[in-house]
There are 2 protein chains.
Amino acid sequence: MKVTLKDVAHATGLSVTTVSRALNGFDDVAIDTREHIMAKATQLGYAPNLNARRLKTQRADAFGLIVPNEDLRFSDPFFADLLSGVIDQIADYGLELNITTPTEKDAYLELYLNYIRSRRVDGFILVRTTADDPRIALLQDHNFPFVAFGRADETADFSFVDEDGTDGFRQAVDHLVALGHRRIACIAEPRTLTKSRQRVQGYIDGLMSNALPVDESLIVEGRFRQRSGRESTEQLLDLPNPPTAIVAVNDLLAIGAMSAIQDRGLTVGKDVSVTGFDDITLSNYVSPALTTLHMPAHDMGRQLCQNLHKVITSNGKERPQTIVVPKLIVRNSTGPV
Amino acid sequence: MKVTLKDVAHATGLSVTTVSRALNGFDDVAIDTREHIMAKATQLGYAPNLNARRLKTQRADAFGLIVPNEDLRFSDPFFADLLSGVIDQIADYGLELNITTPTEKDAYLELYLNYIRSRRVDGFILVRTTADDPRIALLQDHNFPFVAFGRADETADFSFVDEDGTDGFRQAVDHLVALGHRRIACIAEPRTLTKSRQRVQGYIDGLMSNALPVDESLIVEGRFRQRSGRESTEQLLDLPNPPTAIVAVNDLLAIGAMSAIQDRGLTVGKDVSVTGFDDITLSNYVSPALTTLHMPAHDMGRQLCQNLHKVITSNGKERPQTIVVPKLIVRNSTGPV
DNA sequence: CATTGAGGTCGAAACGTTTCGATTTTTCGG
DNA sequence: CCGAAAAATCGAAACGTTTCGACCTCAATG
């Protein structure tokens with residue numbers, strides 16, 4: 001049933017060595033022997049047994065992606081698009097993507113350790129990096145290739161793909177200030193997440209550069225996605241002096257905020273302006289369409305792979321760092337006061 | 001650096017065989033030898049080289065998932081949740097998930113063939129099944145384990161997880177008719193997709209069982225997601241005698257429809273009622289909240305794995321088939337005429 | 001005391017590649 | 001037409017497991 005190198009060797013009357021070298025494109029095989037071998041191989045339906053190859057070459061030809069199970073994960077469309085880019089690029093490289101998640105009993109870090117030791121992957125793609133991420137320390141200790149989605153801090157000397165969230169939020173605040181807004185609130189995720197922290201920083205920078213006061217009561221942090229967006233907004237609208245604009249750290253929070261505003265009979269873009277972050281497909285299809293910061297999620301996914309690939313092929317000498325600056329897309333959820 | 005069985009054998013003064021059997025829980029090693037070996041193994045940080053094991057055992061301990069690249073894929077939140085369930089269950093089994101996608105030059109089927117031959121996975125999870133799906137024929141030909149998400153037809157004798165979309169859409173139509181609607185339109189995806197076909201069938205059944213005429217001009221098919229929802233709806237509202245209700249084959253289409261309705265200054269749930277399908281998280285957070293059919297996406301993902309697992313462990317003798325009946329969730333996007 | 005059998009342990013082969021070094025064949029200048 | 005260099009091919013070892021059958025030890029049995 002299964003066709004091996006030996007079978008092809010028999011069928012062609014050549015040695016296993018020669019067949020192997022021919023199929024792998026070495027130049028010390030005569031041109032017509034190569035062709036003969038190739039023809040026979042496809043005729044027999046030969047495909048190399050990857051486990052044997054991996055054992056011998058000590059490479060897995062695979063990247064690993066361990067998704068945290070503590071949060072909503074894929075329910076974030078941005079992450080979904082990012083993943084889609086990762087998969088496309090990996091397929092282009094002819095590699096595999098190995099996705100897993102810690103089970104309850106697994107210690108998180110143990111799982112990484114096990115993956116390293118059992119040689120299942122050549123490198124990791126790290127998502128949802130936090131400040132002082134222990135995974136990064138672990139991987140660096142073991143000198144194991146990886147690329148992070150998001151910096152842990154500003155002095156990172158490893159490869160990553162990140163966004164300039166701070167710049168993005170400054171753009172959003174500038175846009176709202178230009179429209180005449182003075183009381184601008186911010187809906188954030190927990191600040192342990194690098195991503196959220198950077199964006200909030202941009203919010204604060206934006207206010208300050210426009211000479212506006214920073215009012216801590218206008219910054220609310222929620223754990224969940226749409227739900228938080230709605231609840232946080234209700235909380236903000238209940239303030240004695242409610243904001244006229246809300247910047248949310250991602251589109252889902254923004255959409256939750258919009259629904260809370262509309263449920264009170266207010267009009268988004270008129271009574272209260274709202275901005276998001278990520279520019280997920282949906283943000284163009286809610287009503288009113290959402291003003292947001294565009295991030296090329298799919299491309300960033302590809303970039304992650306490219307960077308990791310470079311780290312591995314350069315044997316750790318290169319550690320490419322990519323920073324993407326978001327672009328403000330003005331739609332109808334923001335308007336003059 | 002890397003620790004092998006031989007290292008553990010040396011460290012304990014035992015043979016490789018014994019160490020292997022001890023770590024794999026065979027009962028022919030003395031209880032204290034086993035403990036000694038286990039202790040030493042963890043002390044040294046031993047983890048089996050999976051590539052060697054796989055070569056020897058001829059099992060990959062991995063499932064494969066090849067996502068089509070021709071459509072939007074992950075931008076469907078339902079699919080994202082499904083995938084999340086798949087990953088959780090696979091992790092519980094201690095297996096791997098191998099995700100890939102055809103590159104442009106790859107013939108779609110060739111990729112499956114290559115995966116089978118190179119022994120990278122023990123079975124496939126098939127998504128986006130179509131009527132007369134060639135992948136199913138291929139896998140059956142090769143006697144290779146798989147589970148399909150969606151039946152190809154009604155006489156399937158392979159393992160699958162599917163929904164009763166027909167029943168679901170009947171529920172939606174009944175609900176709308178009870179509210180007094182008589183002109184009900186349907187926004188579908190291409191009918192080559194089993195999923196869409198079943199749902200449209202439910203729409204037709206529902207009309208007929210309520211003694212309503214089936215008007216072909218009220219059934220529109222679009223290729224894309226939110227965009228199609230919007231465009232199809234505009235087309236419907238332009239009809240000389242427009243519908244008072246729209247059933248969409250998924251939530252994203254429904255949300256697109258809602259935005260088209262609202263853009264014309266009409267009120268969803270009052271002037272035009274809208275229903276969706278899937279009950280993605282978001283549908284509860286748009287305004288008005290969407291009436292839809294709930295599908296347990298995450299659980300269905302787990303079920304896919306469980307079924308595939310059963311197919312493999314039973315050596316193809318068992319081929320579990322699972323059908324999930326959706327549940328109507330009434331929210332505010334539907335109301336009396 | 002000799003025999004049996006169970007309980008432990010082990011050596012060696014095999015899984016299907018890749019690759020080093022050696023060997024055979026061809027080419028070609030002198 | 002010789003001999004050396006270049007081209008083409010090959011044998012065998014190795015990667016790290018699992019597993020079959022053999023082996024050894026020792027207690028129990030007749």
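Chain identifiers are assigned alphabetically (A, B, ...) following the order of the sequence lines, protein sequences preceding nucleic acid strands; residue numbering begins at 1 within each chain.
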remark   = By salt bridge (Lys or Arg N to Asp or Glu O under 4.0 Å), B/R135 pairs with (sequence neighbours left out) B/D133

query = To 10°, what angle do the rotation axes through the five end pairs on each side of the helix from C/dC1-D/dG30 to C/dG30-D/dC1 form?
reply = 50°

request  = Classify every nucleotide of nucleotides 10-17 of chain D by which part a protein heavy atom approaches to under 4.0 Å, writing B for the base, S for the sugar-phosphate alone and - for neither, in 5'-to-3' order.
outcome  = BBB-BBBB

ask   = Under 3.5 Å, is there a donor-acceptor pair between the B/Q303 and B/N307 side chains?
value = yes

ask   = What is the distance, rounded to the nearest whole Å, between atom NE2 of A/H36 and atom C1' of D/dT9?
value = 15 Å

Please table the atom pairs, donor to acceptor, closer than 3.5 Å between any side-chain atom in residues 18-27 of chain B and protein atoms at least two apart or in another chain.
from  : atom 1 : to    : atom 2 : distance (Å)
B/T18 : OG1    : B/S15 : OG     : 3.1
B/R21 : NE     : B/D28 : OD1    : 3.3
B/R21 : NE     : B/D28 : OD2    : 3.1
B/R21 : NH2    : B/D28 : OD2    : 3.3
B/N24 : ND2    : B/S20 : O      : 3.0

request  = Could I get the full list of side-chain contact (heavy atoms from CB on, under 4.5 Å) partners for A/Y93, not counting sequence neighbours?
outcome  = A/Q89, A/L95, A/C305, A/Q306, A/H309

query = Who pairs with A/K195 by side-chain contact (heavy atoms from CB on, under 4.5 Å), at least two apart in sequence or on another chain?
reply = A/F78, A/F149, A/E163, A/R199

ask   = Would B/D61 and B/R53 pass as an ion pair if we require N to O under 4.0 Å?
value = no

request  = Check A/V147, A/I312, A/V121 against A/F63 for a side chain to side chain contact (heavy atoms under 4.5 Å, CB included) and give me the one that passes.
outcome  = A/I312

inquiry  = Donor-acceptor pair, distance only, cut-off 3.5 Å: does the side chain of B/T12 make one with the backbone of B/I37?
reply    = no

